[in-house]
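Single-structure report; data block below.
Given the structure is predicted, the values throughout are model-derived calculations rather than measurements.
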Amino acid sequence: MLRTTDPTQVIPVTVVETQPKGERPPVTHQIPADRDLEWDDLPPADWRYTPESLIARGGMSKVYLARDRLLGRRVVLKVLALQELRRRFRREAHIHAHLQHASIPPLFDAGRFADGRCFLAIKHVKGKLLGDLAARPPATPGELARRLNWFEQVCLAVAYAHGKQILHRDLKPANVLVSPFGRVYLIDWGLAKVKGGPDLGFEDERTADNTPLGTLAYMPPELVGRGVLRADERADVFGLGGMLCAALTGRPVYEGTQVVEVARMAREADTAAAVGRLAEAGVPERLVRLAERCLARLPTDRPASAVEVARELSAHRPVVVG
């Protein structure tokens, strides 16, 4: 509105916004604005990413070291192997995109190839798997201190994810990378879930309540049987306990020659042997008790959160130089 010298008179004015001369508005992809993009909406990315070598293989995907031809850098390319799991793969992409933490390699890109395979492009981190670095008990106090430092970093990364209501659900040494400078990275969010349902802008997938999730050698009992949908942060606390055992003994929580036997141990949370191995390795008593509490059969008997585990570890771990 524009007022004249007469304060009682109002003249209507139409305001027209103009583009600066020589500039054009950005062209958008012709997808309806009221719905989310799907994988098939995206142009194929074969021209951009060139897989160079296979570095890992899982039941759901293959992982390659690849070259990003646009930016001239190496990336980790996680490619979906089973197309019927596209919905779960998309959920992983959305969850990973919301994780911005120093100990979680960031997700750079997501899309599809011309043959329909979906992919995630993730920051390439140079390092070794925790499972390889801790294949046997620490030989010196200095090595013990280093491993506890790595474990504490994992706890803090998990605590960050929990703060965003995200559960990892597959914590194990094979999902932890340690850089040459001691920085720890928590990887593989393929089984992650948003606690309580869809709150990251997409419809969450409902896992059947009798579907085992994770790796049997480190799995809490609630993820083996009929507790999947009720699992909370304490399922990851169990995983942290298993990782602490592996970092200090070089062996998983459950060991057996038959899958059926390992599954029984996981279902019953038969962790006595794992705790015993910690004591035999000369681990300080307070750390043995911390691991034992994390590995409790009942979630209510475990520490309530990854923050609590990190705090207790920091208070009681030995301070060693060298």
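Leu295 and Leu167 are not part of a single hydrophobic cluster, where members link through side-chain heavy atoms under 4.5 Å apart. Val259 and Val224 fall within the same hydrophobic cluster, where Ile, Leu, Val, Met, Phe, Trp and Tyr residues are linked whenever their side-chain heavy atoms come under 4.5 Å apart, directly or through other members. By the rule that hydrophobic residues join a cluster once side-chain heavy atoms approach within less than 4.5 Å of another member, Phe119 and Ile95 end up as members of separate clusters. No chain of hydrophobic side-chain contacts below 4.5 Å, direct or via other Ile, Leu, Val, Met, Phe, Trp or Tyr residues, connects Leu290 to Val307. Linking ILVMFWY residues whenever their side-chain heavy atoms come closer than 4.5 Å, directly or via other members, leaves Leu120 and Leu77 in distinct clusters.
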Would you give me the side-chain donor-acceptor pairs under 3.5 Å for residues 58-65, sequence neighbours excluded?
none

Donor-acceptor pairs under 3.5 angstrom involving side-chain atoms of residues 155-162: please list them, not counting sequence neighbours.
residue, atom, partner, partner atom, Å
Tyr160, OH, Gln100, N, 2.8
Tyr160, OH, Gln100, O, 3.2
His162, NE2, Asp236, OD2, 2.8

Without placing hydrogens or testing angles, list every side-chain donor-acceptor pair under 3.5 Å for residues 103-114, not counting sequence neighbours.
residue, atom, partner, partner atom, Å
Ser103, OG, Arg183, NH1, 3.4
Ser103, OG, Val184, O, 3.0
Asp109, OD2, Tyr49, OH, 2.7
Arg112, NE, Trp39, O, 3.3
Arg112, NE, Leu42, O, 2.8
Arg112, NH2, Leu42, O, 3.0

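A heavy-atom distance below 4.5 Å is not found between the side chains of Val178 and Tyr185. Val79 is not listed as a side-chain neighbour of Pro51, based on a closest heavy-atom distance of 4.5 Å or more. Looking at Leu148 and Leu244, their side chains come closer than 4.5 Å, going by heavy atoms from C-beta outward. Looking at heavy atoms from C-beta onward, Phe151 lies in side-chain contact with Leu313 at the 4.5 angstrom threshold. For the pair Tyr218/Cys245, no side-chain contact is recorded, criterion being any heavy-atom separation below 4.5 Å from C-beta on. Residues Lys78 and Asp188 meet the side-chain proximity criterion, which asks for heavy atoms closer than 4.5 Å. Taking 4.5 Å as the limit, some side-chain heavy atom of Ile122 sits within range of a side-chain heavy atom of His96. For the pair Leu99/His101, no side-chain contact is recorded, criterion being any heavy-atom separation below 4.5 Å from C-beta on.
A salt bridge is absent between Arg67 and Glu52: the closest approach of a Lys/Arg side-chain nitrogen to an acidic carboxylate oxygen does not fall below 4.0 angstrom. With salt bridges taken as basic N to acidic carboxylate O contacts below 4.0 Å, one links Arg302 and Glu222. Classification of Asp40 and Arg86 as a salt-bridged pair holds, one side-chain N sitting under 4.0 Å from a carboxylate O. Here Glu92 does not pair with Arg88 in a salt bridge; the nearest charged N to carboxylate O distance is not below 4.0 Å. Residues Arg311 and Glu308 are not paired through a salt bridge, judged by the lack of any N-O separation under 4.0 Å between the basic side chain and the carboxylate. For the pair Asp68 and Arg48, the salt-bridge criterion is met [side-chain N within less than 4.0 Å of a carboxylate O]. Here Arg277 does not pair with Glu280 in a salt bridge; the nearest charged N to carboxylate O distance is not below 4.0 Å. A salt bridge links Arg293 to Glu312: one of the charged nitrogens lies within less than 4.0 Å of a carboxylate oxygen.
Val253 and Ala274 make their closest contact through O-CB, 3.6 Å (heavy atoms, listed as atom of the first residue, atom of the second, distance). Arg264 and Asp270 get closest at one heavy-atom pair: NH2-OD2, 3.7 Å. Minimum interatomic distance between Ser305 and Val237 (heavy atoms only, all atoms of both residues): C-CG2, 3.7 Å. Leu54 and Arg57 get closest at one heavy-atom pair: CD2-NH2, 3.3 Å. In this structure, Leu144 and Pro284 approach most closely via the heavy-atom pair CD2-CD, 4.3 Å. For the pair Ala296 and Asp301, the tightest heavy-atom approach, listed with the atom from each and the gap, is CB-CB, 3.7 Å.
Between atom CD of residue Glu255 and atom CD of residue Glu261 there is a gap of 11.5 Å, rounded to the nearest 0.5 Å. Atoms CZ and CG, from Arg90 and Leu80 in turn, are 13.5 Å apart once rounded to the nearest 0.5 Å. For the atom pair CD of Glu143 and CG of Leu248, the computed distance is 10.0 Å after rounding to the nearest 0.5 Å. Here the straight-line distance linking atom CH2 of Trp150 with atom CE of Met243 works out to 13.0 Å at 0.5 Å rounding. Between the CG atom in Leu171 and the CG atom in Leu240 there is a gap of 5.5 Å [rounded to 0.5 Å]. Between atom CD of residue Glu38 and atom SG of residue Cys118 there is a gap of 10.0 Å, rounded to the nearest 0.5 Å.
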task: Let me see the working for Asp46 and Asp115 under side-chain contact (heavy atoms from CB on, under 4.5 Å), right down to the final yes or no.
output: CA-CA 9 Å; Asp46 299 67; Asp115 61 8; 5.8 Å; no
message: I'd like to know whether Trp189 forms a side-chain contact (heavy atoms from CB on, under 4.5 Å) with Ile166, so could you lay out the CA-CA distance, the side-chain angles of the two residues, the decisive distance to 0.1 Å, and finally the verdict.
response: CA-CA 10 Å; Trp189 296 83; Ile166 294 171; 4.1 Å; yes
- request: Could you give me the CA-CA distance, side-chain angles and deciding distance for Ile187 and Leu177, then say whether side-chain contact (heavy atoms from CB on, under 4.5 Å) is met?
  value: CA-CA 7 Å; Ile187 61 175; Leu177 279 170; 4.2 Å; yes
query: Run the side-chain contact (heavy atoms from CB on, under 4.5 Å) check on His124 and Val76 step by step: do they pass?
result: CA-CA 5 Å; His124 176 225; Val76 169; 3.9 Å; yes
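Using a distance-only test at 3.5 Å, with no hydrogens or angles considered, a donor-acceptor pair links the side chain of Arg169 to the main chain of Leu191. Judged by distance alone, the side chain of Glu233 and the main-chain N or O of Lys195 form no donor-acceptor pair under 3.5 Å. Using a distance-only test at 3.5 Å, with no hydrogens or angles considered, a donor-acceptor pair links the side chain of Arg297 to the main chain of Arg267. Side-chain N or O atoms of Arg69 include one that pairs as donor or acceptor with a backbone N or O of Trp47 at under 3.5 Å. Looking only at distances, a side-chain donor or acceptor of Ser179 sits under 3.5 Å from a matching main-chain atom of Phe181.
Taking a 6.0 Å sphere around CZ of Arg73, one finds it holds more than 12 heavy atoms contributed by other residues, nucleotides or ligands.
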